[in-house]
2 protein chains.
Amino acid sequence: MTSRHTRRDVVEAAGRLFAQKGYHGTSMRDLGRELGLLGSSLYAHISSKEDLLVEVVDRGAAEFQEAAQKALATPGSAVDRLRALVAGHVGVVLDHMDEVRTFLNEARALDGGHRERVLAARDRYEQAFRRVLAEGVEEGSFRADLDPKLTAIFVLSILNALDRWYRPGGPLDADGLVDALMEFVLSGILAGRRE
Amino acid sequence: MTSRHTRRDVVEAAGRLFAQKGYHGTSMRDLGRELGLLGSSLYAHISSKEDLLVEVVDRGAAEFQEAAQKALATPGSAVDRLRALVAGHVGVVLDHMDEVRTFLNEARALDGGHRERVLAARDRYEQAFRRVLAEGVEEGSFRADLDPKLTAIFVLSILNALDRWYRPGGPLDADGLVDALMEFVLSGILAGRRE
DNA sequence: CCTACCGATCGGTAGG
DNA sequence: CCTACCGATCGGTAGG
């Protein structure tokens, strides 16, 4: 056997530590220790610490983008597509927590060009929500006075905070979480609006 | 004149840089440059970098706590108190953006004891929201099946993301923001629920 | 993947 | 608040 770790192992471990302690809070020696080797040995697999961050963040971005594309292809009403977007987001958070947290919190550690690419990816993702919200207004499902841009921000604010509190295996499973999210977003909290 | 900067100046500048680049992304020399002096000169005002973080974070926590206490004292219905909590939060974000961002994002850089204190402060603040939501259920303003704990998380998720996108001086002023937040939280986005 | 390093930068101190 | 440092740690490289 030649080497016991693949480049992929290194990127995954980096995601774990960047998510936990931040990019600047993680040293290459920390990362080596996580994998059971020396910091300097990592350079057999990668060429710089910043490259690692770029790769982790890009994976997060790609997962969200893919989930959004699938959700937008959901047939039915705008409500159905919004639910698909929310369920897709929950799925990405559960399956790729570390990349998601790094994508959301560590973009500022990237240099200008890479940071702009990440912000552009976030904006594209947000557009998927805006589009579905606007469709819902057109078809009459959502309030006529709804501001798709502002509302997309509100919905995404809730979704982007999931990694801060939601723990799989707790009392609320993924389906229950999606239901609770949709009820809150669709109907709010006031009583006496169903009868 | 003896010194041109007060301890307070140092703490404020630290808040600015910690909010912008993170605790680990800010060096004492960066902080000195921000104030026009050398990194080593800062130690005439403070005793360690970590102390600075503790002080910035504590200020953020105190602002939120104070705002919550005032809001809870608002007479009227639970809806009125919820609006007061939301308006108070918006006020704190607008007036103390740097401390807020440091409080929300840099707590993990604190050592165990200090970090626990911050998490306890966040929990107390969240409790204020839970209490008002539970009151609203009891008085019949909010849905009977509402989960105050989960709903508090949703509302605070939206509020805690404000610093990521809201810019004073833009098209939406603070009052308009509070109105939009309350409409979203109270009524959701579905059409045909008012008539 | 390790050994043996490199120059740069880190938080912080002594003394004025 | 500066000068002149300190030991520790940083990201990274050469050579095997």
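Proteins come first, then strands; the chains are lettered A, B, ... in the order of their sequence lines, and each starts at number 1.
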(request) Please report, rounded to the nearest Å, how far the C1' atom of dC2(D) is from the CZ atom of Arg29(B). (result) 14 Å
(message) Checking Leu94(B) now: which residues fulfil side-chain contact (heavy atoms from CB on, under 4.5 Å) with it, not counting sequence neighbours?
(response) Val90(B), Tyr166(B), Pro168(B), Ala174(B)
Distance-only donor-acceptor hits, side chain of residues 54-62 of chain A, under 3.5 Å, sequence neighbours excluded:
residue  : atom : partner   : partner atom : Å
Glu55(A) : OE1  : Arg7(A)   : NH2          : 2.5
Glu55(A) : OE2  : Arg7(A)   : NE           : 3.4
Asp58(A) : OD1  : Arg117(A) : NH2          : 3.0
Asp58(A) : OD2  : Arg117(A) : NH2          : 3.0

(request) Could you list the residues that satisfy salt bridge (Lys or Arg N to Asp or Glu O under 4.0 Å) with Arg81(A), not counting sequence neighbours? (result) Glu135(A)
(message) Can you pull out the residues from residues 10-26 of chain B that lie within a 4.0 Å heavy-atom distance of DNA chain C?
(response) Thr26(B)
Kindly give the atom pairs (protein nitrogen or oxygen, nucleotide nitrogen or oxygen) under 3.5 Å for nucleotides 14-16 of chain D.
none

(request) Please list, chain by chain and in numerical order, all residues satisfying side-chain contact (heavy atoms from CB on, under 4.5 Å) with Arg83(A), sequence neighbours excluded. (result) Val178(A), Asp179(A), Met182(A)
(request) Mind calculating the distance between CG (Leu38(A)) and P (dG12(D)) to the nearest angstrom? (result) 16 Å
(request) Can you tell me the distance, in whole Å, between the NZ atom of Lys49(A) and the C1' atom of dT13(D)? (result) 17 Å
(message) Can you see whether Glu50(B) engages Ser48(B) through a side-chain donor-acceptor pair at a distance of less than 3.5 angstrom?
(response) no
(message) Less than 4.0 angstrom from a charged side-chain N to a carboxylate O is my criterion; do Arg8(B) and Glu12(B) meet it?
(response) yes
(request) Give one of base, sugar-phosphate or nothing for Leu37(B), where a contact means two heavy atoms less than 4.0 Å apart. (result) sugar-phosphate
Less than 3.5 Å apart, which donor and acceptor atoms pair up between the side chains of residues 69-77 of chain B and the rest of the protein, not counting sequence neighbours?
residue  : atom : partner  : partner atom : Å
Thr74(B) : OG1  : Ala71(B) : O            : 2.8
Ser77(B) : OG   : Val79(B) : N            : 3.3
Ser77(B) : OG   : Asp80(B) : N            : 3.2
Ser77(B) : OG   : Asp80(B) : OD2          : 3.3

(message) Just to verify, which of Phe18(A), Phe64(A), Tyr125(A) counts as forming a ring pair (Phe, Tyr, Trp, His ring centres under 6.0 Å) with Phe103(A)?
(response) Phe64(A)
(message) Arg16(A): which residues meet the salt bridge (Lys or Arg N to Asp or Glu O under 4.0 Å) condition with it, sequence neighbours left out?
(response) Glu34(A)
(request) Would you mind reading off the distance between Arg33(A) atom CZ and dG11(D) atom P, rounded to a whole angstrom? (result) 12 Å
(request) Would you kindly give the CG-to-C1' distance between Asp30(B) and dT9(C), to the nearest whole Å? (result) 11 Å
(message) Rounded to whole Å, how long is the line connecting atom CG of Leu42(B) with atom P of dG11(C)?
(response) 10 Å
(message) From C-beta outward on Tyr43(A), which listed nucleotide comes closest to its side chain: dG11(C), dC1(C), dT13(D)?
(response) dT13(D)
(request) Can you tell me the distance, in whole Å, between the CG atom of Leu52(A) and the P atom of dG11(D)? (result) 11 Å
(message) Could you tell me how far apart Met28(A) (CE) and dC6(C) (C1') are, to the nearest whole angstrom?
(response) 16 Å
(message) Using the side-chain contact (heavy atoms from CB on, under 4.5 Å) criterion, which residues pair with Glu63(B)? Sequence neighbours excluded.
(response) Val92(B), His96(B)
(request) Mind checking salt bridge (Lys or Arg N to Asp or Glu O under 4.0 Å) for Arg33(A) and listing every partner two or more places apart, or none if nothing turns up? (result) Asp30(A)
(request) Could you provide the dot-bracket string of DNA chain D, using ( ) for intrastrand pairs, [ ] for crossing pairs and | for bases paired to another strand, with Watson-Crick or G-U pairs below 3.5 Å? (result) ||||||||||||||||
(message) Just N and O in the side chain of Ser27(A): are any of them under 4.0 Å from OP1 or OP2 of dC10(D)?
(response) yes
(request) Name all residues meeting the side-chain contact (heavy atoms from CB on, under 4.5 Å) criterion together with Val137(B); count only those two or more places apart in sequence or in a different chain, and write none if there are none. (result) Phe142(B), Leu146(B)
(request) Report the nucleotide, chosen from dC1(D), dG11(C), dT3(C), that has the shortest atom-to-atom distance to any side-chain atom of His45(B). (result) dC1(D)
